[in-house]
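What follows is one structure encoded as structure tokens, with my remarks underneath.
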Protein chains: 2
Amino acid sequence: MTSTLGFAVLSLLARRELTGYELAQQMKRPVGYFWHAHHSQIYPELARLESAELVRHTVIDGAGPRDTKRYTITAAGMEALRAFVASDFEPQPVRDLETLKIWSIWTVDPDAAVLLVEQLREVHRERLETYRRELAELTSGGTAEDPSHPDFGSWLTLEGGVRNRAAALEWCDWMLTQLRRPGAVTRSRAPDRR
Amino acid sequence: MTSTLGFAVLSLLARRELTGYELAQQMKRPVGYFWHAHHSQIYPELARLESAELVRHTVIDGAGPRDTKRYTITAAGMEALRAFVASDFEPQPVRDLETLKIWSIWTVDPDAAVLLVEQLREVHRERLETYRRELAELTSGGTAEDPSHPDFGSWLTLEGGVRNRAAALEWCDWMLTQLRRPGAVTRSRAPDRR
DNA sequence: AGCTTCATGTAACGCGTTACATGATTAC
DNA sequence: GTAATCATGTAACGCGTTACATGAAGCT
């Protein structure tokens, strides 16, 4: 009944109360690493969740031309989130542009291919660094190892992110060795060895 | 101008001619590992690509009530695909339900948490096996190491898939040790030690 | 006789993106 | 003064999902 966006919102509100604006900001960092949404989606979604009594709001002081609303998750909302987390995995449809590009890398010349992989490598490298920084910050708190603390979820997620990006980096390096392998540059199409 | 779906279709047609029906089938395996689309999207997309002269069709014999059409990529289509592959990476919006669930794992009891991770582990394990099988099949051909051959793209992609899933499997095992760690089961909420 | 595969298309609906709209306060 | 931040909302549009539609050939 509740949409996936609804669960993303509940996941955030389960950790602490937030305004719609703050929710939209959180969708950039750190939640943005695995979930993204615009404010134009969030405000109507909050209204839907409220009519289903999964969240509740109180009006607080704020700078905007309209009332600033602070949202809290209800007991029913917490229960809905728990049920969602415990529910069976249904494979999600994937649409991965990066892999699509690599899959079609044979269509471009070797220089462009190297550039492509180097760009990809840089994206993964930067993200790996970010995750490592956040992980160090998180584990210094001491709350991460308590399985009933929100930080436990952040810990597992960040650790997964680090492992994932480290593997991706190694993959990029491996691809670069394949692209630079002697003989790889000389292509069947380019008869420049005569 | 061309949509991401359009490039996914071109990626397939660059490898060989296909009917719309075959394209929809390919979106399950192997392309379905990183791209997914329904036939109801594909048929209109083919029409759009054709009006942009990136693909072309000829009518062939077929079993359906309408004409069966075999689509071929044009030179312009190949050029558009090449330009797309060589274009800069723009970070795609992510929506990862699996990570969202792990991020909220602290909301459920330890048994449910272990079950969740075990399910996730199984998904990754199965996918890893599939990738390994396909990789073995592919590398036995001898064409995979030629950077201008379509199999080169498949090779890099599958290798990435294997590395990615192997890392994910290890991550799941690590999470299970964290969840089964002595002290992890005894939670602050459950005062059963008195 | 009924299910699956081949083979293409349209239609309704929902989710996601981009743009429009408002207006106060703080920083440069 | 002008831009950014805070703070909420609506509207138009496009992409993706689900369902409807048609009909032959082959399998159980």
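Just so you know, these numbers come straight off a predicted model, no measurement behind them. Sequence lines set the chain letters: A, B, ... in the order given, protein chains first and strands last, and positions in each chain run from 1.
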Euclidean distance, atom CG of residue B:L97 to atom C1' of C:dC15 [Å, nearest integer]:
14 Å
Counting heavy atoms from C-beta on, name the nucleotide in D:dT18, D:dT8, C:dA7 closest to the side chain of B:S40.
D:dT18
How long is the line joining NE2 of B:H38 and P of C:dA11, in whole Å?
19 Å
Which nucleotide wins on minimum distance to the side chain of A:R95, given the candidates C:dT17, C:dG9, D:dT17?
D:dT17
Of the listed nucleotides (D:dT8, D:dC15, D:dA11), which one gets closest to any side-chain atom of B:S3?
D:dC15
Say whether A:L18 and A:M78 are linked into one hydrophobic cluster, either directly or through other cluster members, by side-chain heavy-atom distances under 4.5 angstrom.
yes
Between NE2 of B:H39 and C1' of D:dT17 the distance, given in whole Å, is 11 Å
Counting distance alone, no hydrogens or angles: does the base of D:dG16 have a donor or acceptor under 3.5 Å from a partner atom on the side chain of B:H36?
no
Rounded to whole Å, CD of B:Q41 lies from P of D:dG16 at a distance of 5 Å
Short side-chain to backbone donor-acceptor contact, B:R70 and B:I60, under 3.5 Å:
no
Find the distance A:R48:CZ to C:dC15:C1' and express it as a whole number of Å.
9 Å
Does A:Y21 put a side-chain nitrogen or oxygen below 4.0 Å from OP1 or OP2 of D:dC6?
yes
Interatomic distance where CG belongs to A:L23 and P belongs to D:dG9 [whole Å]:
12 Å
dist B:W155:CH2 -> A:Q178:CD (nearest 0.5 Å) comes out at 3.5 Å
Apply side chain to side chain donor-acceptor pair (under 3.5 Å) to the pair A:S11 and B:S104, showing each step before the final yes or no.
CA-CA 6 Å; A:S11 295; B:S104 294; 3.0 Å; yes
In whole angstrom, give the distance that lies between atom OH of B:Y43 and atom P of D:dC20.
19 Å
Report the distance from atom CD of B:Q26 to atom CH2 of B:W35, rounding to the nearest 0.5 Å.
15.5 Å
At less than 3.5 Å, do the side-chain atoms of A:T19 and the base atoms of D:dT8 form a donor-acceptor pair?
no
Could you pick out which residue, B:P93 or B:Y71, lies toward the 5' side of DNA chain C when each is mapped onto its nearest nucleotide?
B:Y71
How is A:R70 classified with respect to the nucleic acid when contacts are heavy atoms under 4.0 Å: base, sugar-phosphate, or nothing?
nothing
Grab the CE-P distance between A:M27 and C:dT17 for me, whole Å please.
11 Å
